[in-house]
Amino acid sequence: PILIPHIIEHHTPKLQEFLKPGTEFTTQELFTIHQSLKDGHLFLQTMKNDTDDSLPTVHRLIQIVLDKNTKLMSHILLLMIKSQKEKKLILTSEDLDQIEQYLVSPKDLYLELVDEENKRKLKK
């Protein structure tokens with residue numbers, strides 16, 4: 001069980017497998033990405049508010065996603081501002097590393113579930 005988070009992390013694809021440094025995005029494309037993240041965020045907030053309070057684990061998992069998504073939206077907004085001068089942005093490896101930090105990983109969710117399970121065992 002101790003190795004499971006490492007196994008999950010090892011088998012989770014990295015962002016740089018999909019996007020490479022030098023990939024270009026226009027300001028409009030970045031806006032579209034930002035708007036999609038915003039729409040998803042609003043959906044998750046609604047889902048969290050509509051979820052029964054007797055499901056604290058679900059609330060915490062949704063909150064993890066919302067927190068990371070907020071940071072990702074902020075970073076995309078900064079990239080949009082950066083792209084305004086030339087109407088495009090060329091991603092650097094630093095940009096990709098920063099974006100990857102804000103993506104929700106299966107490991108994050110797994111660790112939260114394990115933490116919840118450990119808390120339940122301590123209560124018994």
Side-chain angles (χ1 to χ4, degrees):
I2 294 172
L3 293 176
I4 290 176
H6 301 289
I7 293 168
I8 292 171
E9 186 173 4
H10 176 75
H11 290 288
T12 301
K14 303 295 180 217
L15 182 62
Q16 290 198 17
E17 292 177 21
F18 302 99
L19 289 175
K20 303 290 183 201
T23 302
E24 292 184 14
F25 283 96
T26 64
T27 305
Q28 182 59 43
E29 290 168 334
L30 291 169
F31 174 78
T32 302
I33 292 168
H34 186 271
Q35 188 62 43
S36 297
L37 291 170
K38 183 178 170 187
D39 292 343
H41 196 88
L42 294 173
F43 172 77
L44 284 174
Q45 282 180 322
T46 302
M47 191 167 89
K48 182 180 175 192
N49 293 338
D50 292 345
T51 303
D52 188 353
D53 288 338
S54 66
L55 300 170
T57 304
V58 173
H59 280 248
R60 288 212 318 264
L61 292 176
I62 292 172
Q63 192 60 50
I64 288 171
V65 175
L66 288 171
D67 291 344
K68 288 238 180 180
N69 193 57
T70 298
K71 292 174 184 173
L72 182 58
M73 285 191 301
S74 296
H75 191 69
I76 297 295
L77 186 60
L78 290 174
L79 294 176
M80 287 171 57
I81 292 167
K82 188 176 167 182
S83 73
Q84 280 296 326
K85 293 177 188 174
E86 297 181 26
K87 302 291 183 208
K88 67 177 179 178
L89 172 81
I90 300 174
L91 287 178
T92 64
S93 58
E94 292 82 22
D95 291 329
L96 292 172
D97 290 341
Q98 192 71 43
I99 290 169
E100 186 146 29
Q101 285 183 345
Y102 302 140
L103 296 177
V104 178
S105 75
K107 178 183 172 185
D108 296 333
L109 300 177
Y110 173 80
L111 291 174
E112 183 61 34
L113 291 172
V114 168
D115 185 47
E116 179 66 25
E117 182 64 24
N118 289 337
K119 287 178 186 176
R120 280 196 318 183
K121 286 179 184 178
L122 289 174
K123 287 181 182 179
K124 288 182 181 180

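Just the heavy atoms: all of them, side chains too, but no hydrogens, waters or symmetry mates, feed the values below.
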Would you check if [X] and [Y] make a side-chain contact, meaning some heavy-atom pair closer than 4.5 Å?
X: I4; Y: V114; result: no
X: K107; Y: T12; result: no
X: L44; Y: N69; result: no
X: F31; Y: T26; result: no
X: T51; Y: H59; result: yes
X: M80; Y: L77; result: yes
X: L79; Y: D95; result: yes
X: L96; Y: T92; result: no

Side-chain heavy atoms nearer than 4.5 Å, only ILVMFWY residues, links allowed to pass through others: does that put [X] and [Y] together?
X: I62; Y: L103; value: no
X: M73; Y: L91; value: yes
X: V58; Y: F43; value: yes
X: V104; Y: Y102; value: no

Looking at [Y], is its backbone amide N or carbonyl O close enough to the side chain of [X] to form a donor-acceptor pair, meaning the two atoms are under 3.5 Å apart?
X: E24; Y: L89; answer: no
X: K20; Y: Q16; answer: yes
X: N49; Y: Q45; answer: yes

Gap between atom [atom2] of [Y] and atom [atom1] of [X] - 0.5 Å precision:
X: L37; Y: L72; atom1: CG; atom2: CG; value: 5.0 Å
X: Q35; Y: Q28; atom1: CD; atom2: CD; value: 10.0 Å
X: E9; Y: D108; atom1: CD; atom2: CG; value: 9.0 Å
X: L113; Y: L61; atom1: CG; atom2: CG; value: 5.0 Å
X: E117; Y: E112; atom1: CD; atom2: CD; value: 12.5 Å
X: E29; Y: I33; atom1: CD; atom2: CD1; value: 7.0 Å

When you compare the side chains of D97 and Q101, does any donor N or O come within less than 3.5 Å of an acceptor on the partner? no
NZ of K38: more than 12 outside heavy atoms within 6.0 angstrom? no
Contacts satisfying side chain to side chain donor-acceptor pair (under 3.5 Å) that involve residues 70-88 (not counting sequence neighbours) are T27-S83
Locate the shortest heavy-atom distance separating I76 from L30; write the atom from each residue and the value. CG2-O, 3.6 Å
L66 and K48: side-chain contact (heavy atoms from CB on, under 4.5 Å), yes or no, with the steps? CA-CA 10 Å; L66 288 171; K48 182 180 175 192; 4.2 Å; yes
